[in-house]
Peer 1: 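Can you read through this structure? Questions will come right after.
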Amino acid sequence: MLDVITLGEAMVLLTPTRPGLLRYATSFDRSVAGAESNLAIGLARLGHRVGWMSRVGDDEFGQCVLSFVRGEGVDVSRVIVDPAAPTAVFFKERRAAGITRVYYYRAGSAASRLSPEDLDPAYIRQARYLHLSGITPALSASCRAAVLRAMDIAREAAIPIAFDPNIRLKLWPAARAREVLRALIGRTNLVLASQEEAELLTGELDPERAARALLELGPALAIVKLGANGALAVGDGGVVHEPVLEVEVVDTIGAGDAFAAGFLAAQLRGWELPAALRLANIMGALTTTVPGDVEGMPTWTEVQPYLGGTSLVTR
């Protein structure tokens with residue numbers, strides 16, 4: 001049995017070794033990243049059993065993705081190696097004043113060919129949670145159908161569904177994203193959105209009103225991430241707000257996935273809502289202290305000092 005199963009695209013990430021425009025970059029660091037695989041790795045580091053479903057190309061980058069995600073303790077047994085399409089890549093461009101731009105080369109990728117027929121219903125039915133994001137349905141019509149099929153399987157088995165909108169306007173227009181994602185949120189139990197995503201999806205500027213508007217779509221619990229102001233949750237238990245953990249921020253990409261991993265880990269442990277938000281905030285904050293999407297994600301032992309468990313001194 002797995003605690004969480006997720007599905008979506010993972011890509012090879014190439015980051016210039018020095019800040020500046022990509023046109024001047026001559027050397028790159030290589031890593032692996034993708035919203036759903038990031039979350040899976042975050043949960044694995046917190047001690048959970050996680051499965052990730054996807055497609056990768058039958059190429060060296062595909063083997064790189066599989067090796068990396070498997071090496072982080074995530075089950076990749078349901079990942080399909082596709083000989084007819086490549087593994088996607090993307091680039092980070094690090095500019096002055098902490099500005100990071102991301103450029104994707106994912107059109108026609110192996111993962112964009114994911115379809116309902118690729119899903120193993122028995123595999124999904126063993127999970128305690130199904131996690132999905134709004135990136136996958138934006139990749140293609142077949143990916144969107146796969147997400148809907150995964151939701152159907154989970155709902156038939158009474159498996160709760162967690163959903164992160166993860167809106168990427170480079171993949172589709174805002175109006176189309178709003179239309180599709182609102183319909184998908186109506187089929188979930190838990191939605192975790194950034195403040196900007198909640199505003200786009202609901203039209204509400206106030207985070208609490210936006211969370212309540214998300215609840216009206218169908219989920220039982222709505223989380224709105226507030227960046228430097230922490231996070232709030234709205235559900236049957238009312239409104240809960242937890243402040244952010246203050247750290248020196250190096251790279252914010254991947255923080256939302258780490259936040260979701262922390263929140264789901266707390267849910268799986270049966271924690272109360274304030275403690276769940278606290279763990280989520282800790283995961284998100286610590287991830288930003290190291291360059292890369294997952295490189296800064298802490299282990300269960302490493303989050304303990306911030307939960308009040310042990311001393312920070314390790315020497």
Side-chain angles (χ1 to χ4, degrees), residues 6-42 44-45 52-74 76 79-114 133-136 138-140 143 164 166-172 249-258 260-261 284 286-297:
T6 187
L7 66 94
E9 181 168 48
M11 299 166 286
V12 166
L13 167 60
L14 298 170
T15 305
T17 55
R18 294 186 298 176
L21 292 169
L22 275 177
R23 71 186 74 167
Y24 301 120
T26 57
S27 60
F28 297 82
D29 289 326
R30 191 265 304 149
S31 57
V32 172
E36 298 83 8
S37 58
N38 290 348
L39 170 122
I41 290 168
R45 290 191 184 172
W52 171 63
M53 298 181 292
S54 188
R55 276 178 174 259
V56 298
D58 187 11
D59 48 35
E60 287 301 307
F61 280 166
Q63 290 303 313
C64 171
V65 169
L66 283 175
S67 176
F68 180 78
V69 178
R70 183 191 299 115
E72 289 289 338
V74 176
V76 297
V79 176
I80 296 169
V81 177
D82 187 341
T87 305
V89 299
F90 71 116
F91 295 81
K92 278 185 185 178
E93 181 183 73
R94 297 182 294 126
R95 304 291 298 277
I99 297 171
T100 300
R101 293 175 178 162
V102 180
Y103 301 91
Y104 297 100
Y105 295 83
R106 69 199 314 177
S109 69
S112 73
R113 292 156 55 93
L114 191 71
S133 94
I135 294 175
T136 310
L139 296 178
S140 67
C143 281
D164 186 337
N166 253 318
I167 297 174
R168 299 289 186 269
L169 295 182
K170 289 186 177 182
L171 291 175
W172 53 0
V249 175
V250 175
D251 186 353
T252 61
I253 296 177
D257 306 322
L286 293 182
T287 299
T288 69
T289 63
V290 176
D293 285 37
V294 302
E295 285 77 359
M297 286 185 179

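Here the structure is a predicted model, which is why all the values come from computation and not from measurement.
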Peer 1: If the threshold is 4.0 Å, N to carboxylate O, is there a salt bridge linking Arg95 and Glu93?
Peer 2: yes
Peer 1: Apply the side chain to side chain contact (heavy atoms under 4.5 Å, CB included) test between Arg106 and each candidate in Thr87, Ile135, Val89; give the one that qualifies.
Peer 2: Ile135
Peer 1: Would you mind reporting whether Gln63 and Val56 have side-chain heavy atoms less than 4.5 Å apart?
Peer 2: no
Peer 1: Quick one: SG on Cys64 to CG on Leu13, what's the gap to the nearest 0.5 Å?
Peer 2: 10.5 Å
Peer 1: Are side-chain heavy atoms of Phe28 and Leu22 found at a separation under 4.5 Å?
Peer 2: yes
Peer 1: Under the criterion side-chain contact (heavy atoms from CB on, under 4.5 Å), I'd like the reasoning laid out for Val69 against Leu66: C-alpha separation, chi angles, the key distance, then a yes or no.
Peer 2: CA-CA 5 Å; Val69 178; Leu66 283 175; over 6 Å; no
Peer 1: To the nearest 0.5 angstrom, please state how far the CG atom of Leu21 sits from the CZ atom of Arg101.
Peer 2: 7.5 Å
Peer 1: Using side-chain contact (heavy atoms from CB on, under 4.5 Å), reason through Met53 and Val79 one step at a time and then give a plain yes or no.
Peer 2: CA-CA 5 Å; Met53 298 181 292; Val79 176; 5.8 Å; no
Peer 1: Could you pull out the closest heavy-atom pair between Ile41 and Met297, with the gap in Å?
Peer 2: C-SD, 4.5 Å
Peer 1: Would you confirm whether Arg94, through its side chain, and Thr17, through its main-chain N or O, come within 3.5 Å as a donor-acceptor pair?
Peer 2: yes
Peer 1: Using the rule given for side-chain contact (heavy atoms from CB on, under 4.5 Å), can you reason through Val102 versus Phe90, listing the C-alpha separation, both sets of side-chain angles and the distance that settles it, and then say yes or no?
Peer 2: CA-CA 7 Å; Val102 180; Phe90 71 116; 3.3 Å; yes
Peer 1: So how far is it from Ile80 CD1 to Arg55 CZ, rounded to the nearest 0.5 Å?
Peer 2: 4.5 Å
Peer 1: Ignoring hydrogens, what is the shortest heavy-atom contact between Val294 and Arg45? Give both atom names and the distance.
Peer 2: O-NH1, 2.6 Å
Peer 1: What's the separation between atom CG in Asp257 and atom CG in Asn166, rounded to the nearest 0.5 Å?
Peer 2: 5.5 Å
Peer 1: I need the Cys143 SG to Leu7 CG distance, nearest 0.5 Å.
Peer 2: 8.5 Å
Peer 1: Give me the atom names and distance for the closest heavy-atom approach of Val65 to Ala10.
Peer 2: CG1-CB, 3.8 Å
Peer 1: Is the Tyr104 to Phe91 ring centre distance short of 6.0 Å?
Peer 2: no
Peer 1: If we only count heavy atoms from C-beta on, is the Arg30 to Val12 side-chain gap below 4.5 Å?
Peer 2: yes
Peer 1: Might you work through the side-chain contact (heavy atoms from CB on, under 4.5 Å) test for Asp58 and Asp82, ending with a clear yes or no?
Peer 2: CA-CA 5 Å; Asp58 187 11; Asp82 187 341; over 6 Å; no
Peer 1: Could you tell me if the side chain of Thr288 sits less than 4.5 Å from the side chain of Val250, heavy atoms only?
Peer 2: no
Peer 1: Taking atom CD1 of Ile167 and atom CH2 of Trp172, what is their separation to the nearest 0.5 Å?
Peer 2: 8.5 Å
Peer 1: If we ignore angles and hydrogens, is there a donor and acceptor under 3.5 Å between the side chains of Ser112 and Glu9?
Peer 2: no
Peer 1: Give me the atom names and distance for the closest heavy-atom approach of Val81 to Gly57.
Peer 2: CG1-O, 4.0 Å
Peer 1: If I compare all heavy atoms of Ala85 with all of Arg113, which pair ends up nearest, and what's the gap?
Peer 2: CB-CD, 3.4 Å
Peer 1: For residues Ser54 and Ala111, report the shortest heavy-atom separation together with the two atoms involved.
Peer 2: OG-CB, 4.0 Å
Peer 1: Salt bridge check: are Asp293 and Lys92 linked by an N-O gap of less than 4.0 Å?
Peer 2: yes
